[in-house]
Amino acid sequence: MLDPRLLRTRLAEVAAHLARRGLVLDTGRIESLETERKGLQMQVQALQGERNARSKAIGQAKASGADIVPLLAEVSDLGDRLKAAEARLDEIRQTADAIGLSLPNLPHASVPDGRDERDNREERRWGEPPSFAFQPRDHVELGSLNGWMDFDLAAKLAGSRFVVLSGPLAGLHRALIQFMLDTHTREHGYTEVYVPYLVNADSLYGTGQLPKFEQELFKVPGERDLYLIPTAEVPVTNLLRDRILAAGELPRKWVAHTPCFRSEAGSYGKDTRGMIRQHQFEKVELVQAVRPEDAFQALEDLTGHAETILQRLGLAYRVVTLCAGDLGFAACKTYDLEVWLPGQETYREISSCSSFGDFQARRLQARWRNPDTGKPELLHTLNGSGLAVGRTLVAVLENYQDSDGRVIVPEVLRPYVGWQDVLA
RNA sequence: GGAGAGGUGGCUGAGCGGUCGAAAGCGGCGGUCUUGAAAACCGUUGAGGAGCAAUCCUCCGGGGGUUCGAAUCCCUCCCUCUCCGCCA
């Protein structure tokens, strides 16, 4: 959520920033709502004040034994007037809140202009895409050739966009998770957390998935109405909800491995082959909560932590800054890491590292006590994949294949798979 | 699934329908004392909003109701805890 004060006092500026996302703000409507709100609120507060004063007087009169009947007559219609004014104010508030919740975050000044992924800015490349003396297979071929990956079987169990992994590949998948968690906890200072995979609506409002993106979630119907998490970002960031942290507790750095569930409602026909876009996938997620002044550096650090995994695995990748038009709803700045996939002969997203400013913190009421002011102030939150496990598995298969369709195990993973050098 | 208890400020925890944004303790901050620290003592300390300001308004799990007036009474929903049953 944007700072409501910004919307009131610097509406034109906000509109200009949002225009970079390709969003046209109806400033006239917002201004007239605001004018109406202000008038009504002052009216309501005046009536409330009058009610309080008169009620207090009645209490005092009663205590001193005076006759309160005439006093009661004076306030006879006050309640009704107040109730009517409150109802109108409530209506305006709801409309204004709905608009507020629907507005995305403002892009950071360092974010390039642009409409979609074609306008993203490449920052750097790491590693060389491997060259093969043969026609490299994609992960689907490699998986089925070895009998490790079965989409038909998964379709029987659950439908499209699921997979069954078996044997050494299932083991490698697990090894990747372990390797990522170990690296982030031992070397990058993150605390591992295990969290619920089902969350309530409040949590999804907090991180910005609701109310706008309900169609991308799997809802579990029942008396409780829970949702399967689309990313660990939701439960982990919500650890901060309605809390005031002491300055000494910052920065908080959490890492969590969870499955992620996405309906992929808007992507029919996109990436239908293989494991790239699934309804269920594993991800190791990095989440940080920092002081506002540290957020910019924290994004660089967090992105670096994700990059470390790719580097240790020896996978070529590039880093791109998302342009304003491609930015996610809650983010003010995002770096995507894209790994080289020989099967597609292209770089594909494997991690997305974002800074949210105080956008999520405001919805979450996630605060810290600033020792300089003594006041609770909003935190800044960040998160990034470190990494998407399914896509990392794809990358390892395709980059480490030989001409016979065998797969070499990257060295850093060997301790996790019984020291095999070839997957078998 | 059955029975019961409870949700109050950063935390613990009091609170007859009226002067209660709320006792007390802890914690925090400031001070006295001390070479310094601890202890002790004194003072101070909830959050959000409107307004240039004086000041005013809202908030005691959420929502609704009764009342001139609700933390306190009623309804409803949510959550937590304890015991019994079942169970990975």
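First the proteins, then the strands, lettered A, B, ... as listed; each starts at 1.
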Centroid-centroid under 6.0 Å between [X] and [Y] rings:
X        : Y        : answer
A:Phe329 : A:Phe213 : yes
A:His305 : A:Tyr190 : yes
A:Tyr194 : A:His257 : no

Query raised in the report: Does A:Lys83 put a side-chain nitrogen or oxygen below 4.0 Å from OP1 or OP2 of B:U66?
Result: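 The answer is yes; a side-chain N or O of A:Lys83 sits under 4.0 Å from OP1 or OP2.
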Query raised in the report: Is the phosphate of B:G69, meaning OP1 or OP2, less than 4.0 Å from a side-chain N or O of A:Lys56?
Result: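 No.
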Carboxylate-amine/guanidinium contact [X] [Y], below 4.0 Å:
X        : Y        : result
A:Arg54  : A:Glu74  : yes
A:Glu264 : A:Arg277 : yes
A:Arg121 : A:Glu123 : yes
A:Asp119 : A:Arg115 : no

Query raised in the report: Choosing from B:U66, B:A50, B:A47, which nucleotide comes nearest the side chain of A:Lys375?
Result: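 From the listed options, B:A47 comes nearest.
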Query raised in the report: With respect to the side chain of A:Arg369, which nucleotide from B:C68, B:A50, B:A47 is positioned closest?
Result: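 Nearest listed nucleotide: B:A47.
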Is [X] touching bases, backbone alone, or none of the nucleic acid, heavy atoms closer than 4.0 Å?
X        : answer
A:Lys62  : base
A:Arg367 : sugar-phosphate
A:Pro371 : nothing

Rounded distance (Å) that lies between atom [atom2] of [N] and atom [atom1] of [X]:
X        : N     : atom1 : atom2 : value
A:Ile244 : B:U45 : CD1   : C1'   : 13 Å
A:Ile58  : B:U19 : CD1   : P     : 13 Å
A:Arg93  : B:A50 : CZ    : P     : 10 Å
A:Arg362 : B:A47 : CZ    : P     : 18 Å

Inter-nucleotide [atom1] distance ([N], [M]), Å rounded:
N     : M     : atom1 : answer
B:U44 : B:A53 : C1'   : 25 Å
B:A22 : B:U34 : P     : 37 Å
B:G28 : B:A47 : C1'   : 16 Å

Report task. Indicate whether the side chain of A:Lys333 and that of A:Thr321 have a donor and an acceptor atom separated by less than 3.5 Å. Result ->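 Result is no, nothing qualifies.
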Nucleotides 71-76 of chain B: which of its N/O atoms have a protein N/O under 3.5 Å away?
none

Return the polar atom pairs (N/O with N/O) between nucleotides 57-61 of chain B and the protein under 3.5 Å, or none.
{"residue": "B:C57", "atom": "OP1", "partner": "A:Asn52", "partner atom": "ND2", "Å": "3.2"}
{"residue": "B:C57", "atom": "O3'", "partner": "A:Gln48", "partner atom": "OE1", "Å": "3.0"}
{"residue": "B:C57", "atom": "O2'", "partner": "A:Gln48", "partner atom": "OE1", "Å": "2.7"}
{"residue": "B:U58", "atom": "OP1", "partner": "A:Arg51", "partner atom": "NH2", "Å": "2.8"}
{"residue": "B:U58", "atom": "OP2", "partner": "A:Asn52", "partner atom": "ND2", "Å": "3.4"}

